[in-house]
Amino acid sequence: MGLSSTELSRVFQRFFRGAATHDQPGSGIGLTITKSLVEAHGGRVTAASAGAGQGATFTVLLHSAAPYPRG
């Protein structure tokens with residue numbers, strides 16, 4: 001759906017829902033929980049969007065404690 005710059009700055013706030021989502025089910029708490037969990041594990045989550053109607057990209061970065069085993 002995309003996010004305006006104002007919405008993008010608020011997207012991780014508890015209970016925030018973008019203008020295009022008001023007719024969709026949800027409470028607006030999912031991204032807040034995601035951010036808290038990612039940060040609790042030493043990671044970072046970011047959001048980017050070119051604007052309303054342009055879609056959005058959410059990126060989660062987590063550190064690996066050990067190399068992934070190959071097999």
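Computed from heavy atoms alone, side chains included, the values below leave out hydrogens, waters and symmetry copies.
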Margin query: Given 3.5 Å as the limit, does a donor-acceptor pair link the side chain of S4 with the main chain of G51, or not?
Written below: no
Notebook entry, point to check: Under 3.5 Å, is there a donor-acceptor pair between the side chain of T21 and the main chain of Q24?
Noted result: no
Next item on the list: Measure across G55 and S49 and return the closest heavy-atom pair with its distance rounded to 0.1 Å.
Entry: O-OG, 2.8 Å
Note to self: As an exercise, state the distance from OG of S5 to CZ of R10, rounded to the nearest 0.5 Å.
What the structure shows: 12.0 Å
Notebook entry, point to check: If you measure from CD on Q13 to NZ on K35, what distance do you get to the nearest 0.5 Å?
Noted result: 10.0 Å
Checklist line | ILVMFWY clustering at 4.5 Å (side-chain atoms), partners of F58 | finding: L3, L8, V11, F12, L31, V38, V45, V60, L62
Notebook entry, point to check: Looking only at heavy atoms, which two atoms of T32 and G28 are closest? And how far apart?
Noted result: OG1-O, 4.2 Å
Next item on the list: Tell me whether I29 is reachable from L37 by hopping between hydrophobic residues (I, L, V, M, F, W, Y) whose side-chain heavy atoms are closer than 4.5 Å.
Entry: yes
Checklist line | Check: G26 main-chain N/O paired with R17 side-chain donor or acceptor under 3.5 Å | finding: yes
